[in-house]
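First up is the structure itself, then whatever we jot down about it.
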2 protein chains.
Amino acid sequence: MTEGPGRRERKKQQTRDTLIATAARLFQERGYEATGVADIAEAADVSKRTFFLHFPTKEDVLLSDGRARLDLAIRVIEERAPGTPLRDALAASLAAMIDDTAARDLPTGMAALRARLIVESPAVQARVLHTAFAGQARIADALLDAYPDELDRTTAAAVLGAVVGAVSAAAMAALREDGDPAAVTEAMRRAAAIALTTLDSLGD
Amino acid sequence: MTEGPGRRERKKQQTRDTLIATAARLFQERGYEATGVADIAEAADVSKRTFFLHFPTKEDVLLSDGRARLDLAIRVIEERAPGTPLRDALAASLAAMIDDTAARDLPTGMAALRARLIVESPAVQARVLHTAFAGQARIADALLDAYPDELDRTTAAAVLGAVVGAVSAAAMAALREDGDPAAVTEAMRRAAAIALTTLDSLGD
DNA sequence: GAATATCAATGCACTCGGTATACTCATATA
DNA sequence: TATATGAGTATACCGAGTGCATTGATATTC
């Protein structure tokens with residue numbers, strides 16, 4: 001009895017993977033706006049209805065791995081070593097996300113595609129921002145749980161907003177200037193470092 | 001010959017104002033999602049097509065005054081007194097936006113409505129974020145123009161991202177906790193102050 | 001091993017935001 | 001008075017996303 005998911009679950013996952021790969025290819029070839037959900041479904045040989053069974057919106061097919069990355073960031077905070085200072089926990093959480101992106105997405109070219117589409121499609125941009133914002137709120141909650149004596153809810157939100165805002169904006173600026181992935185990653189790290197200084201002034 | 005816009009222009013403005021007022025009322029009464037563009041147009045006694053002649057999307061009818069506020073922020077930076085330190089210029093720009101919001105929107109109830117809709121409608125939330133992000137990039141450009149020796153493009157983006165991100169996240173958190181406008185404004189000011197400390201570490 | 005429950009996927013009709021086109025008519029201008 | 005402009009209209013259309021009833025493969029129970 002090999003554990004693991006059964007055939008049904010595996011087929012479901014396969015459908016999902018096919019949809020992601022197909023969408024990525026079509027977006028690459030024709031551009032985001034010019035590719036309809038019906039086209040993706042057609043090319044993946046499933047119904048349009050099936051697409052929406054797997055992804056709530058067209059944009060989400062691009063952000064499929066975002067939740068895993070968010071979980072990672074939160075886990076880093078929750079599983080910190082006892083006595084870890086707030087600043088270090090947040091820095092580690094950020095670094096984990098950036099490293100994970102660099103390690104997983106950059107080689108596959110997914111990061112590059114996503115970057116291109118973020119720059120060229122306002123709809124994607126809006127969706128990414130919204131997702132990031134929601135994720136940042138969850139991290140803020142985790143941080144508040146972990147350091148209840150040093151933070152209140154609004155301050156936690158402000159700190160996370162500053163950090164995520166800085167990283168996002170820097171990444172976008174770097175993307176627009178030159179798309180080199182290494183340069184973008186470096187810009188994100190620098191922005192994170194800058195924004196983390198907000199924590200140094202908290203005990204006033 | 002009274003100067004000013006002619007009758008045509010006045011009627012156009014009137015149509016626009018009617019649309020904004022009608023939309024606000026309907027959103028108030030029925031909620032955002034439950035109100036269609038067709039409903040708004042119908043209630044304002046114009047065609048649906050006319051609505052889209054005035055506003056590019058349904059969300060934009062709520063954000064009609066955003067551009068003026070952005071122009072204000074940029075003007076504050078451009079018209080700073082010679083020798084004003086970077087930090088003070090940015091702080092003044094931010095304060096001007098927050099004050100303008102408090103002064104203009106809070107009395108009319110428009111801020112309260114917008115706040116309610118931001119919290120309850122993901123679509124509005126995404127649109128507001130996107131607008132804020134685009135605006136923040138323009139302020140970053142203005143800041144870069146004003147202080148070319150102290151900033152590079154990525155750093156300017158990071159700093160503005162931190163500030164706007166902090167203020168946005170804090171405002172949202174305060175909105176969710178209790179909708180009191182004074183509390184929200186106060187949270188925004190505190191977040192701005194926190195995020196501005198990023199500037200203290202720039203000369204390293 | 002047959003009966004039954006579950007659930008991914010389907011087909012279809014529908015809503016709604018947004019657009020294209022071709023038009024009307026009041027207002028502005030010469 | 002003649003002409004040009006541009007706000008608003010009617011209509012048909014597109015694409016994203018949903019509701020609903022159905023099918024068929026896989027999982028579970030007896």
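Each chain gets a letter, A, B and so on, in the order the sequences are listed, and its residues count up from 1. Worth saying up front: this structure is predicted, and the values here are computed from it rather than measured.
Legend: side chain to side chain donor-acceptor pair (under 3.5 Å) pairs involving residues 117-134 of chain A, not counting sequence neighbours, sorted by first then second residue: E33(A)-S121(A), D60(A)-R127(A), Q125(A)-H130(B), H130(A)-Q125(B). Identified under the ring-ring contact (aromatic ring centres under 6.0 Å, His included) test for residues 28-50 of chain B, with sequence neighbours left out: F27(B)-Y32(B). Residue pairs satisfying the salt bridge (Lys or Arg N to Asp or Glu O under 4.0 Å) criterion with at least one member in residues 15-25 of chain A, sequence neighbours excluded, are listed as follows: R25(A)-E29(A). Sorted by first and then second residue, the salt bridge (Lys or Arg N to Asp or Glu O under 4.0 Å) pairs involving residues 162-184 of chain B (not counting sequence neighbours) are R153(A)-E177(B).
Mapping R8(A) and E9(B) onto DNA chain C via the closest heavy atom, the residue that lands nearer the 5' end is R8(A).
Atom CD of E42(B) is surrounded by 12 or fewer heavy atoms from other residues, nucleotides or ligands within 6.0 Å. Around the CZ atom of R104(B), the shell of radius 6.0 Å holds no more than 12 heavy atoms that belong to other residues, nucleotides or ligands.
Here the side chain of K58(A) pairs a donor or acceptor atom with the backbone of T35(A) at under 3.5 angstrom. Of the possible donor and acceptor atoms, one in the side chain of T15(B) sits under 3.5 Å from a partner among the backbone N and O of K11(B).
Judged purely by distance below 3.5 Å, without hydrogens or angles, the side chains of D152(A) and T155(A) pair a donor atom with an acceptor atom.
Atom OG1 of T18(B) sits about 13.0 Å away from atom CD1 of I40(B), to the nearest 0.5 Å.
Considering only residues two or more places apart in sequence or on other chains, F52(A) meets the ring-ring contact (aromatic ring centres under 6.0 Å, His included) condition with none of them. Remark: Y147(B) pairs with no residue by the ring-ring contact (aromatic ring centres under 6.0 Å, His included) rule, at least two apart or across chains. Taking the salt bridge (charged side-chain N to carboxylate O under 4.0 Å, His left out) definition, one finds that R114(A) meets it with D65(A), D105(A), sequence neighbours left out.
The stretch residues 33-40 of chain A touches DNA chain D through T35(A), G36(A), V37(A), each having a heavy atom under 4.0 angstrom from the strand. Applying a 4.0 Å cut-off to non-hydrogen atoms, the residues of residues 51-62 of chain B that approach DNA chain D are L53(B), H54(B), listed by residue number.
Taking 4.0 angstrom as the limit, S47(A) places a side-chain polar atom (N or O) nearer than this to OP1 or OP2 of dT10(C).
For the pair K48(A) and D39(A), the salt-bridge criterion is not met [side-chain N within less than 4.0 Å of a carboxylate O].
Using a 4.0 Å heavy-atom cutoff across all strands shown, R7(A) reaches sugar-phosphate atoms only and no base atom.
Taking five base pairs at each end of the helix from dG1(C)-dC30(D) to dA30(C)-dT1(D) and finding the rotation axis that steps the C1' atoms of four pairs onto the next four gives two axes whose angle is 20°, to the nearest 10°.
Protein chain A contacts DNA chain D over a range whose 5' and 3' limits, counting nucleotides with an atom under 4.0 angstrom from a non-hydrogen atom, are dA16(D) to dA27(D).
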Pick out the pairs of N or O atoms, protein on one side and nucleotides 12-14 of chain C on the other, that lie under 3.5 Å.
none

So S47(B) and T50(B), side-chain hydrogen bond (donor to acceptor under 3.5 Å, both in side chains) or not? Walk me through it.
-> CA-CA 5 Å; S47(B) 74; T50(B) 296; 3.1 Å; yes

